[in-house]
Novice: 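Structure provided below as structure tokens; questions to follow.
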Amino acid sequence: MQRKARDCRDKAKDLGKLDPSLKEEVNKNAATKFLDTKNKMPEEAAPSERYESPAELQGFNTEPWSNDEQKLLEQALKTYPASTGDRWDRIAECIPNRSKKDCLKRYKECVEMVKAKQAAVNAVSKNKKAVPVKA
């Protein structure tokens, strides 16, 4: 039986108004009921195990991308330009064991890697120009 906090509070107030002999009887009954339910429960329950990671629950394949899969993704990106309808569905069809979500995630990761490399190259070229050359 589900009870709300208000119901429990009201019941406690009502019990406070009872005479002491009734309070003792109520407390004994409550304790007995608690012990009965406690004894019915298994002594040691096995902890639950999580078989799927949060990424797997969202539909992602957590296996690392192989070189062949990466090449297939790159080829599919060239084959299906951004103007193609259902582009990511078609790209995912070209790569076995990878979903649309996997392909989108990998594409975004690759874009970030390219941006990071470009930023590093730009930083190095700026530093070379800023350092005076001694003759």
Side-chain angles (χ1 to χ4, degrees):
M1 170 189 253
Q2 295 284 28
R3 292 189 177 125
K4 295 184 179 178
R6 182 190 313 158
D7 297 335
C8 294
R9 185 191 68 218
D10 293 343
K11 187 69 172 176
K13 284 182 182 179
D14 292 342
L15 288 174
K17 296 175 186 174
L18 294 176
D19 65 42
S21 62
L22 289 176
K23 283 185 186 178
E24 285 180 29
E25 189 174 338
V26 167
N27 286 337
K28 284 180 186 176
N29 289 340
T32 305
K33 187 175 181 180
F34 171 76
L35 291 174
D36 287 345
T37 57
K38 181 183 172 196
N39 291 336
K40 289 179 184 176
M41 296 179 71
E43 287 192 26
E44 205 173 305
S48 62
E49 294 183 31
R50 183 179 212 159
Y51 294 104
E52 295 180 336
S53 68
E56 290 171 324
L57 291 172
Q58 292 179 3
F60 291 110
N61 183 343
T62 56
E63 295 293 319
W65 281 69
S66 68
N67 289 337
D68 292 336
E69 288 175 325
Q70 182 65 34
K71 288 176 186 176
L72 288 171
L73 176 65
E74 291 170 6
Q75 182 59 46
L77 287 167
K78 292 175 189 173
T79 304
Y80 301 108
S83 60
T84 305
D86 298 329
R87 178 184 191 206
W88 290 104
D89 291 317
R90 291 183 182 192
I91 290 172
E93 289 172 359
C94 296
I95 306 165
N97 300 322
R98 295 294 176 171
S99 68
K100 175 181 172 180
K101 285 182 178 183
D102 292 328
C103 294
L104 272 164
K105 183 179 178 216
R106 180 63 178 180
Y107 172 75
K108 289 177 182 179
E109 290 170 356
C110 291
V111 167
E112 289 301 315
M113 286 190 291
V114 168
K115 285 181 182 179
K117 285 181 183 178
Q118 189 62 42
V121 168
N122 290 341
V124 168
S125 65
K126 285 182 183 178
N127 285 339
K128 284 185 179 180
K129 291 178 184 177
V131 176
V133 178
K134 293 182 181 179

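Please read all numbers here as calculations on a predicted model, not as lab measurements.
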Novice: How long is the span from the CG atom in Leu104 to the CD1 atom in Ile91, to the nearest 0.5 Å?
Specialist: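 Reported value, rounded in 0.5 Å steps: 8.0 Å.
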
Novice: Rounded to the nearest 0.5 Å, what separates atom CD in Glu93 from atom CG in Asp89?
Specialist: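 Result: 7.0 Å between the selected atoms.
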
Novice: What's the shortest heavy-atom distance between Glu69 and Pro96, and which atoms?
Specialist: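 Minimum heavy-atom separation between Glu69 and Pro96: OE2-O, 3.8 Å.
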
Novice: List in chain and number order the residues that pass salt bridge (charged side-chain N to carboxylate O under 4.0 Å, His left out) with Asp10, two or more places apart in sequence or in another chain; answer none if no residue qualifies.
Specialist: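 Asp10 satisfies salt bridge (charged side-chain N to carboxylate O under 4.0 Å, His left out) with no residue once adjacent residues are dropped.
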
Novice: Would a 4.5 Å heavy-atom cut-off, applied to side chains only, mark Arg90 and Arg87 as touching?
Specialist: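 Counting from C-beta outward, Arg90 and Arg87 never come under 4.5 Å.
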
Novice: Nearest 0.5 Å please: distance from the CD1 atom of Ile95 over to the OG atom of Ser66.
Specialist: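 Going from the CD1 atom of Ile95 to the OG atom of Ser66 covers 9.5 Å.
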
Novice: Can you name the closest pair of heavy atoms from Ser99 and Ala92 and give their distance?
Specialist: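 The answer is C-CB, 3.8 Å.
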
Novice: Could you give the side-chain donor-acceptor pairs of residues 107-117 under 3.5 Å, partners two or more places apart or in another chain?
Specialist:
none

Novice: Indicate the atoms forming the closest heavy-atom contact of Leu72 with Cys94, along with that distance.
Specialist: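 Heavy atoms only, the tightest pair is CD1-O, 3.9 Å.
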
Novice: With hydrophobic residues grouped by side-chain heavy-atom distances under 4.5 Å, do Trp65 and Leu77 end up in a single group?
Specialist: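 Cluster IDs for Trp65 and Leu77 match.
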
Novice: Does CZ belonging to Arg9 count more than 12 external heavy atoms closer than 6.0 Å?
Specialist: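 Above 12, so yes.
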
Novice: If you measure from CG on Asn122 to CD on Gln118, what distance do you get to the nearest 0.5 Å?
Specialist: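 So the gap between those two atoms works out to 4.5 Å.
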
Novice: What residues form a side chain to side chain donor-acceptor pair (under 3.5 Å) with Glu74, not counting sequence neighbours?
Specialist: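 With neighbours one apart ignored, the set is Gln70.
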
Novice: At their closest point, which heavy atom of Asp102 faces which heavy atom of Asn97, and how far apart are they?
Specialist: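 In terms of heavy atoms, the two residues are closest at OD2-O, 4.3 Å.
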
